[in-house]
Amino acid sequence: MTARLLSGKEFAAKFKEDAAKRARAIEAAHGVTPGLAVIIVGEDPASQVYVRNKDRACAELGIYSEVLRMPATTTKAELIAKIDELNYDKRIHGILVQLPLPEALHREEQEILDRIDPAKDVDGFHPVNVGRLSLGQSALVPCTPSGCLKMLELAGIPLDGQRAVIVGRSNIVGKPMAQLLLAKNATVTVCHSHTKDLAAVTREADILVAAVGKPKFITADMVKPGATVIDVGINRIAPKKLVGDVDFDAVQEVAGAITPVPGGVGLLTVAMLMENVVTAAELQLKS
C-alpha cells in the first residue's frame, strides 16, 4: 500500500483563493484593504525567507503589507513601542512579530507578543486568543494547526470519533492542534518527551500529527496501517536538503494518507496567515 499524498500546494491554493475573494469583498463594501505588518528583528536567514514569502503572498492576494526591519540591537522598549504604534494604525489589521527574536530578547518574548492587540494577533499567540480557543469560542488560531485541520476536512478525512495522537506539545502547534481536534470530536492524546512507550501510543492513532522537530523521528513501526500522517516538522539536514519529522519513504508504505516535506504543511502556514489577516479585518470593521 502506498499512501495518498496530501499536497500542501493544492490545499494552499484553495485557501488563498478564498482569502483573496474575501479581501476583494471588504474593499468593495468598505473601501478598505486588509493590512498586515510584519516586524523582523535582526538578520536570521530563515526568518528573512519566511518574511519574503509572506510579503509575496500579500501582494498576490491584494493584501496591504508592511515589513518593518529592526536591528538585532533593538531593545524590548523599542520593539514594544513599535507594536504600540501598529496597534493604533487603522491601515493595519494584523501584526506579526517574526520569531525567533535575537538572543538578547528571548526571555522577553512572551511579554512582547502579549503587547499585540488580540484583535490584530494573526499568529494566534496572545493569551486572549489561546483562552478563546480552549473554551471553544471564536478566535484567531495559530496558522499551522489551523491549516492542518482545514486540510484534513477538505481532504475528506474523518475526524468525529477518531483517535488522534499529537507528538509534541508546543504552544505553536501541539497544544492548539489538540484543541482544534477536540472541537471536531476526535479523541486526542498529546505525547511528549516524558511519554512512556511512545510507539505503542502512536500505533493507536487514526490521525498522527508529528510536531517534534527531530528528523525522521516517526518510523514505519510507529504508524497504524491506514492512518493519516501529518508531518509538521521542517528539518534542514544539508544545505539544500529538508526532511520532516516522519521517515517519509518508509511510512508512506504503511499510512493511508501522508503530507510530504517539503511541499506539505509548510505551504499551508502562509495561506492561513492570509486568511487570519482577512478575518481580523472583517471583525475590526464589524466592531
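Small disclaimer: the values here were computed from a predicted structure and weren't measured.
Between L101 and L99, the closest side-chain pair of non-hydrogen atoms falls below 4.5 Å. V251 is not listed as a side-chain neighbour of T219, based on a closest heavy-atom distance of 4.5 Å or more. Using a 4.5 Å heavy-atom cutoff, the side chains of V223 and V254 are in contact. Residues E111 and D114 fail the side-chain proximity criterion, which asks for heavy atoms closer than 4.5 Å. Residues H126 and L113 form no side-chain contact, since every pair of their non-hydrogen atoms from C-beta on lies 4.5 Å or further apart.
Taking a cutoff of 4.0 Å between a charged side-chain nitrogen and a carboxylate oxygen, R22 and D18 do not qualify as a salt bridge. K150 and E153 are not joined by a salt bridge, as no carboxylate oxygen comes within less than 4.0 angstrom of a charged side-chain nitrogen. Checked for salt-bridge contact, E275 and K16 miss the test: no charged N lies under 4.0 Å from a carboxylate O. Salt bridge status for D206 with K224: present, with a side-chain N to carboxylate O gap under 4.0 Å. Between R163 and E204, at least one side-chain nitrogen of the basic residue sits less than 4.0 Å from a carboxylate oxygen of the acidic one, meeting the salt-bridge criterion. Salt bridge K21/E17: present, at least one basic N to carboxylate O contact under 4.0 Å.
A donor-acceptor pair under 3.5 Å links the side-chain atoms of K120 to the main chain of I92, judged by distance alone. Within the 3.5 Å criterion, the main-chain N or O of L283 finds a donor-acceptor partner in the side chain of S287. Between the side chain of R236 and the main chain of K241, no donor-acceptor pair closer than 3.5 Å is present. Although no hydrogens or angles enter the test, the distance criterion places a donor-acceptor pair under 3.5 Å between the side chain of Q284 and the main chain of A280. Under the 3.5 Å distance criterion, the side-chain polar atoms of T259 are matched with a main-chain donor or acceptor of D231.
Screening K54, M70, R69 for a side chain to side chain contact (heavy atoms under 4.5 Å, CB included) with I40, the sole residue that qualifies is R69.
Minimum heavy-atom separation, V173 to A211: CG1-CB, 3.7 Å. When all heavy atoms of A3 and A255 are compared, the closest pair comes out as CB-O, 3.2 Å. When all heavy atoms of T75 and L105 are compared, the pair lying nearest together is C-CD2, 4.1 Å. Taking each heavy atom of G168 and V190 in turn, the nearest pair found is O-CG1, 3.9 Å.
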Checklist entry - Which is it for L86 and D117 under the side-chain contact (heavy atoms from CB on, under 4.5 Å) test, yes or no, and what are the steps along the way? => result CA-CA 9 Å; L86 293 169; D117 181 345; over 6 Å; no
Checklist entry - What's the verdict on side-chain hydrogen bond (donor to acceptor under 3.5 Å, both in side chains) for T33 and E27, showing C-alpha distance, side-chain angles and the deciding distance? => result CA-CA 5 Å; T33 301; E27 190 155 15; 3.3 Å; yes
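Side-chain contact check for E66 and Y64: at least one donor-acceptor pair (N or O, by modelled atom type) lies under 3.5 Å. For Q110 and R115, the side-chain atoms include no donor-acceptor pair closer than 3.5 Å.
For CD of Q137, the number of neighbouring non-hydrogen atoms (other residues, nucleotides, ligands) closer than 6.0 Å is greater than 12. In this structure, F15 places its CZ atom where more than 12 heavy-atom neighbours from other residues, nucleotides or ligands lie under 6.0 Å away.
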